[in-house]
Amino acid sequence: MFDFSTPVNRYGTYCTQWDYVQDRFGEADLLPFTISDMDFETAPCIQRALQQRLAHGVLGYSRWNHDDFKQAIAGWFAKRYQAELDPQSLVYGPSVIYIIAQLITLWSQPGEGVLVHTPAYDAFGNMLKANQRKLLASPLLKTEQGYEIDWPQFEQQAAREECKILLFCSPHNPTGRVWHRDELTRMAEICQRHNVKVISDDIHMDMAYSTYLPWSEVALSNNWALVSSGSKSFNIPALTGAYAFIPEQQSREQYLIQLKAAHGLSSPSILGIIAHITAYQQGGDWLDSLKGYLQQNLLTVAERLNSAFPAINYQVPDGTYLAWVDLNPLDIDMDALQHILIHKHKVAIMRGDTYGEEGKGYIRLNVGCPRSKVEAGLDALIAAIRQLRD
């Protein structure tokens with residue numbers, strides 16, 4: 001019904017992943033598996049809605065604070081996740097990281113701590129450092145069942161006087177863990193006990209292959225925010241736009257002062273608003289088809305890597321289109337691996353230590369692309385590893 005197999009040429013579109021791969025990897029014209037956008041066209045329903053709006057011809061200032069936008073988002077959570085979130089608690093922001101950064105500055109002071117499961121999305125550390133906050137790491141434990149929270153260490157960090165906020169991903173980036181109800185409930189109890197506010201970054205929520213549960217379903221107070229966007233799910237980050245449910249009225253009002261008065265960002269991209277409304281009202285079938293394709297891409301990674309190198313024992317994640325692969329059992333030189341991938345095979349794959357100390361010896365492979373590209377990347381990775389082990 002939907003075509004995810006036909007490659008789309010993204011060169012010459014000012015595309016970060018393809019046109020600017022040299023910025024991070026030092027070489028141009030590499031086959032990239034890097035920044036987490038996808039190589040697929042967005043849903044046809046979104047394309048039609050945008051074309052219709054462009055045909056109108058007038059692109060003046062626009063608004064986000066209306067029922068069409070709010071009800072589309074709240075309705076998506078109700079229909080997809082059986083979660084009743086108050087549309088009146090919803091706010092807009094230009095990006096997920098922008099919203100998180102503003103909440104960090106509202107809910108903590110310079111020098112105070114923010115608890116983060118590590119390895120972590122690298123933008124978290126960069127944002128906290130830029131805002132003079134301390135990242136309090138809670139390293140996940142790798143087990144035979146997957147990645148687990150180290151509960152004694154987690155609570156020890158939460159109990160620290162300087163710990164004011166828990167910032168976490170649901171599903172987690174980069175490991176792909178989708179948190180179970182009992183885990184979310186336990187985090188909520190610990191945060192309540194130690195007066196720690198919660199920011200849940202749920203931008204990958206629609207890419208969960210097991211049951212995703214919004215933080216609202218376990219929250220024990222109003223001291224939280226759920227931040228998300230349709231940008232990952234529907235591959236529309238270039239249109240900009242994100243949102244957050246902030247149930248506590250004073251925090252919501254303070255955030256809006258930052259958005260409107262301090263930063264002058266309250267007028268959104270009309271194309272981003274229309275894309276979100278359309279995605280959440282009409283895009284469900286396309287998303288379901290996409291998720292099936294992406295999960296098969298991840299299965300392909302597992303089958304090929306585990307066949308070539310059984311010691312890796314790569315397990316398909318609970319969510320996201322990011323393969324977080326532990327190469328430590330192979331005991332290879334990661335600098336040498338990157339050199340061979342870039343200079344011999346012309347392939348760019350994110351190295352795990354980008355995401356912190358716990359990512360050493362890992363790679364993060366973006367499989368949001370046609371399977372033929374995934375196969376080409378795996379060919380290069382397997383050949384490069386074999387060259388280092390011969």
Side-chain angles (χ1 to χ4, degrees), residues 1-10 13 15-18 33 35-55 68-83 85 95-96 170-171 173 176 178 202-212 214 228-243 268-301 316-323 366-374:
M1 186 177 181
F2 300 105
D3 179 13
F4 301 111
S5 295
T6 302
V8 177
N9 184 358
R10 299 183 69 188
T13 62
C15 166
T16 298
Q17 184 166 191
W18 290 79
F33 298 86
I35 190 171
S36 58
D37 69 357
M38 296 184 285
D39 290 330
F40 308 123
E41 292 184 1
T42 192
C45 61
I46 295 175
Q47 294 187 51
R48 289 192 296 269
L50 296 180
Q51 289 163 356
Q52 182 179 359
R53 181 63 182 83
L54 286 171
D68 287 348
F69 182 65
K70 291 181 172 182
Q71 294 290 348
I73 296 168
W76 181 258
F77 277 85
K79 181 178 180 180
R80 299 285 289 199
Y81 307 117
Q82 294 73 56
L85 286 150
S95 71
V96 163
S170 183
N173 178 7
V178 173
D202 293 24
I203 196 169
H204 290 282
M205 65 190 188
D206 297 321
M207 297 301 176
Y209 311 118
S210 60
T211 301
Y212 154 79
S228 195
S229 171
S231 61
K232 301 292 185 194
S233 314
F234 294 92
N235 204 34
I236 52 173
L239 297 179
T240 72
Y243 56 85
S269 159
I270 185 58
L271 299 183
I273 295 297
I274 288 172
H276 275 82
I277 293 170
T278 306
Y280 288 153
Q281 290 180 342
Q282 304 174 32
D285 289 345
W286 180 88
L287 180 66
D288 290 338
S289 183
L290 171 67
K291 284 176 64 177
Y293 191 90
L294 292 172
Q295 194 168 25
Q296 186 57 54
N297 278 356
L298 290 164
L299 284 166
T300 299
V301 173
V316 172
D318 302 330
T320 80
Y321 48 85
L322 307 168
N366 176 358
V367 301
C369 57
R371 197 152 303 130
S372 58
K373 181 187 172 191
V374 175

Open item on the list: Could you go through Trp18 and Asp39, starting from their C-alpha distance and side-chain angles, then the distance that decides it, and tell me whether this counts as side chain to side chain contact (heavy atoms under 4.5 Å, CB included)?
Closed with: CA-CA 10 Å; Trp18 290 79; Asp39 290 330; 2.9 Å; yes

What is the distance from atom [atom1] of [X] to atom [atom2] of [Y], rounded to the nearest 0.5 Å?
X      : Y      : atom1 : atom2 : answer
Leu85  : Tyr243 : CG    : OH    : 9.5 Å
Ile277 : Phe69  : CD1   : CZ    : 7.0 Å
Leu290 : Gln295 : CG    : CD    : 11.5 Å
Asp68  : Thr278 : CG    : OG1   : 10.0 Å
Met38  : Ser231 : CE    : OG    : 9.0 Å
Asp318 : Ser210 : CG    : OG    : 4.0 Å

Quick check against the 3.5 Å criterion: does [X] have a side-chain atom that pairs as donor or acceptor with the backbone of [Y]?
X      : Y      : result
Ser229 : Ile203 : no
Lys232 : Ser36  : yes
Asn297 : Cys369 : yes

Open item on the list: Whether Lys373 engages the ring of Phe33 as a cation-pi pair (distance to the six-membered ring centre under 6.0 angstrom, angle to the ring normal within 45°) should be assessed.
Closed with: yes

What are the two closest non-hydrogen atoms of [X] and [Y], and how far apart are they?
X      : Y      : value
Ala279 : Trp76  : O-CZ3, 3.9 Å
Asp202 : Pro214 : OD2-CA, 4.4 Å
Ile273 : Pro268 : CG1-CG, 3.7 Å
Lys291 : Ala208 : NZ-O, 2.8 Å

Task: CA sep, side-chain torsions, deciding dist, call: Tyr81, Asp206, side chain to side chain contact (heavy atoms under 4.5 Å, CB included) - done: CA-CA 10 Å; Tyr81 307 117; Asp206 297 321; 2.4 Å; yes

Report yes if some heavy atom in the side chain of [X] is under 4.5 Å from a heavy atom in the side chain of [Y]; otherwise report no.
X      : Y      : result
Val178 : His204 : no
Leu298 : Pro317 : yes
Thr16  : Asp37  : no
Tyr212 : Met207 : no
Tyr280 : Phe234 : yes

Task: Sole residue of Leu239, Thr240, Ile236 in side chain to side chain contact (heavy atoms under 4.5 Å, CB included) with Leu271 - done: Leu239

Kindly list each side-chain donor-acceptor pair under 3.5 angstrom involving residues 45-52, sequence neighbours excluded, with atom names and distances?
{"residue": "Gln47", "atom": "NE2", "partner": "Glu41", "partner atom": "OE1", "Å": "3.3"}
{"residue": "Gln47", "atom": "NE2", "partner": "Thr42", "partner atom": "O", "Å": "3.0"}

- [ ] Mind running side chain to side chain contact (heavy atoms under 4.5 Å, CB included) on Met205 and Ser228 for me, showing each step along the way?
- [x] CA-CA 8 Å; Met205 65 190 188; Ser228 195; 3.6 Å; yes

Task: Residues that Phe4 engages under ring pair (Phe, Tyr, Trp, His ring centres under 6.0 Å), provided they are two or more places apart - done: Phe40, Trp286, Tyr293

TODO: Evaluate side chain to side chain contact (heavy atoms under 4.5 Å, CB included) for Tyr209 paired with Leu294, printing each intermediate quantity in order.
DONE: CA-CA 10 Å; Tyr209 311 118; Leu294 292 172; 3.6 Å; yes

TODO: List for me each residue that meets side chain to side chain donor-acceptor pair (under 3.5 Å) alongside Asp288, sequence neighbours excluded, and say none if there are none.
DONE: Arg80

